[in-house]
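Inspection log for the structure reproduced underneath, given as structure tokens.
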Amino acid sequence: MSYQNLRVEEHDRIVHLTIDRPKALNALNAQTLHELNQFFGTDYRDRTNIHGVILTGSGDRAFVAGADIKEFMEVARDGNGQAMAHRGQEVFARIENFHRPVVALVNGFALGGGCELAMACHLRIATENASFGQPEVNLGIIPGYGGTQRLNQYIGKGKATELILTGNRIDAEEAHRLGLVNYVLPRKEAAQKAIDLLTLIGTKGPVAVQQSIRAINAYYSNPAGYGTEAEAFGATTRTSDFEEGASAFVEKRIPNFKGE
Ligand code: DAK
């Protein structure tokens, strides 16, 4: 398949996958989500002759600044938020369960769905300007692509709860200290580190690598947790607070939430 919003290059058995919407800070719109699903679920699903995938964002400002707020405002209003969250969770699960390791090269903002996308990857390498957060509460919604489940897994319940309830951002150093990212490095070194890690893993037994991914994930996959997240996300998309939060973002003003 040819992609509109993804760029794919392959060198030395490593696939470099770039989300390419720099004007919207690589925000995830429906088309991009569809293309990620196509890439991990179909096009590269049976590609056993690769060492792995490096996933990054185009430009030097953002990995992914979240779901595309302007678009999902319309979609969530018209559709079923719970079903949409389930579909998104499925795409991210395909990444988490991909047969070869996926490294997120986080080169700037990783917010909301962007932070969730990085967390669905097996390893995370941040550049020094990277920042992370789950700012959904600013929009009157909650993370809907697995953030309430995976952030706990990486940084523990206490800090995850703080980040999700405040919407605060953390910088790359703090993300590293908390265990959210594996390495923080200057841009060039970060890109090289991702290649070095995948090259090293590529020398190991491919079946062992695949089965390791499978066994690690088995411990962390709690269908009830993801199900509750999808249901709770759906509930928030039906509130007028969500209308207010998303409109405030588009109009570049502070939201006035009413709790309804
Ligand atoms: N969506 C759409 N456009 C975005 C965007 C986003 N998430 N983030 C940035 N942009 C656009 C801006 O609107 C702006 O466009 P123009 O005004 O130039 O047309 C351009 O990118 C540059 O952004 P800024 O002018 O705002 O740049 P600044 O340096 O001032 O600020 C920023 C950078 C990243 C701090 C700021 O842009 C920002 O706060 N962005 C939004 C971050 C955010 O709240 N992200 C969304 C989190 S909520 C779902 C499941 C999950 C989700 C949604 C649906 N379903 C199941 C349906 C997840 C939701 C989220 O991710």
Side-chain angles (χ1 to χ4, degrees), residues 5 19-34 36-37 57-95 104 106-120 126-127 129-151 163-172 225-239 241-255 257:
N5 299 332
I19 298 181
D20 193 18
R21 301 185 70 223
K23 284 190 185 138
L25 300 183
N26 305 317
L28 289 179
N29 61 358
Q31 177 66 25
T32 308
L33 204 60
H34 169 71
L36 284 171
N37 191 41
S58 177
D60 53 13
R61 295 203 59 216
F63 173 68
V64 167
D68 190 312
I69 298 171
K70 295 165 193 171
E71 183 191 86
F72 84 68
M73 234 174 118
E74 299 304 320
V75 179
R77 197 182 279 149
D78 298 342
N80 178 337
Q82 182 171 350
M84 283 160 51
H86 275 301
R87 269 201 302 280
Q89 287 177 358
E90 272 167 29
V91 178
F92 284 32
R94 279 191 223 296
I95 299 173
V106 182
N107 56 324
F109 295 112
L111 302 177
C115 187
E116 292 172 296
L117 180 61
M119 292 193 291
T127 57
N129 68 326
S131 62
F132 298 79
Q134 296 290 162
E136 285 85 351
V137 281
N138 297 329
L139 302 168
I141 56 172
I142 72 159
Y145 291 150
T148 63
Q149 307 301 298
R150 293 192 182 96
L151 194 57
L163 291 187
I164 291 169
L165 298 189
T166 61
N168 282 346
R169 287 208 292 266
I170 55 172
D171 64 16
Y226 285 95
T228 302
E229 178 186 271
E231 181 263 305
F233 174 87
T236 59
T237 59
R238 293 189 292 274
T239 62
D241 281 348
F242 167 53
E243 293 276 328
E244 168 62 9
S247 306
F249 175 80
V250 174
E251 293 158 20
K252 299 186 192 285
R253 62 175 174 80
I254 294 171
F257 292 123

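Bear in mind the structure is a predicted one, so any value in this text is a computation, not a measurement. The residues of the chain are indexed from 1 along the displayed sequence. Whatever order the structure lists them in is the order used to number ligands and atoms, beginning at 1. What you see below is based on every heavy atom in this structure, not just the backbone, and it leaves out hydrogens, waters and symmetry mates.
- Ranked by closest heavy atom to atom 57 (C) of ligand 1, the top entry among H86, R21, R61, M84 is M84.
- Remark: of the listed residues T127, L25, N26, L117, L117 is the sole one forming a side-chain contact (heavy atoms from CB on, under 4.5 Å) with F63.
- Heavy-atom minimum distance, Y226 versus G146: CE2-CA, 3.7 Å.
- In the candidate list A65, P135, C115, P135 is nearest to atom 44 (O) of ligand 1, counting heavy atoms.
- Closest of all the heavy-atom pairs between G112 and E136 is CA-OE2, 3.2 Å.
- Residue K23 has at least one heavy-atom neighbour below 4.0 Å for each of these atoms of ligand 1: 20 (C), 21 (O).
- Side-chain contact, Q149 with Q89: no donor N or O sits under 3.5 Å from an acceptor N or O.
- Neither the backbone nor the side chain of Q89 has a heavy atom within less than 4.0 Å of ligand 1.
- Atoms of ligand 1 found under 4.0 Å from any heavy atom of R169, numbered from 1 in the order shown, are 35 (C).
- Across all their heavy atoms, V106 and A118 have their closest contact at CG2-CB, 4.0 Å.
- If you check each of A24, G108, G114, G112 against atom 4 (C) of ligand 1, the one with the closest non-hydrogen atom is A24.
- Atom CG of residue N107 and atom CG of residue N129 lie 7.0 Å apart, to the nearest 0.5 angstrom.
- Here Q134 has no heavy atoms under 4.0 Å from ligand 1, in either its backbone or its side chain.
- Taking the six-membered ring where the residue is Trp, F242 and F72 present parallel rings, their angle staying beneath 30° rather than reaching 60°.
- The distance from ligand 1 to the heavy atoms of L139 drops below 4.0 Å at these ligand atoms: 48 (S).
- Checked against F132 for a side-chain contact (heavy atoms from CB on, under 4.5 Å), the options D171, I170, L151 give a single hit: I170.
- The shortest heavy-atom distance from G88 to ligand 1 is not under 4.0 Å.
- By the 4.5 Å heavy-atom criterion applied to side chains, L33 and R87 are not counted as neighbours.
- For ligand 1, the atoms closer than 4.0 angstrom to any heavy atom of K70 are 13 (O), 15 (O), 19 (O).
- Residue A27 touches ligand 1 through its side chain alone, judged by heavy-atom distances below 4.0 Å.
- No part of L28 comes within 4.0 Å of ligand 1, judged by heavy-atom distances.
- Considering F233, F249, F72 only, the shortest heavy-atom separation from atom 49 (C) of ligand 1 involves F233.
- The distance criterion of under 3.5 Å between nitrogen or oxygen atoms is not met by L111 with respect to ligand 1.
- Close approach of ligand 1 to A85 (heavy-atom distance below 4.0 Å) involves ligand atoms 56 (C).
- If you number the atoms of ligand 1 from 1 as listed, the ones under 4.0 Å from a heavy atom of G113 come out as 60 (C), 61 (O).
- Counting all heavy atoms, side chain and backbone alike, E231 lies closest to Q82 at CA-CD, 3.7 Å.
- Here the closest non-hydrogen pair linking G245 and P255 is CA-CB, 4.1 Å.
- Taking a 4.0 Å cut-off on heavy atoms, K252 registers as neighbouring ligand 1.
- Ligand 1 lies nowhere less than 4.0 angstrom from a heavy atom belonging to R87.
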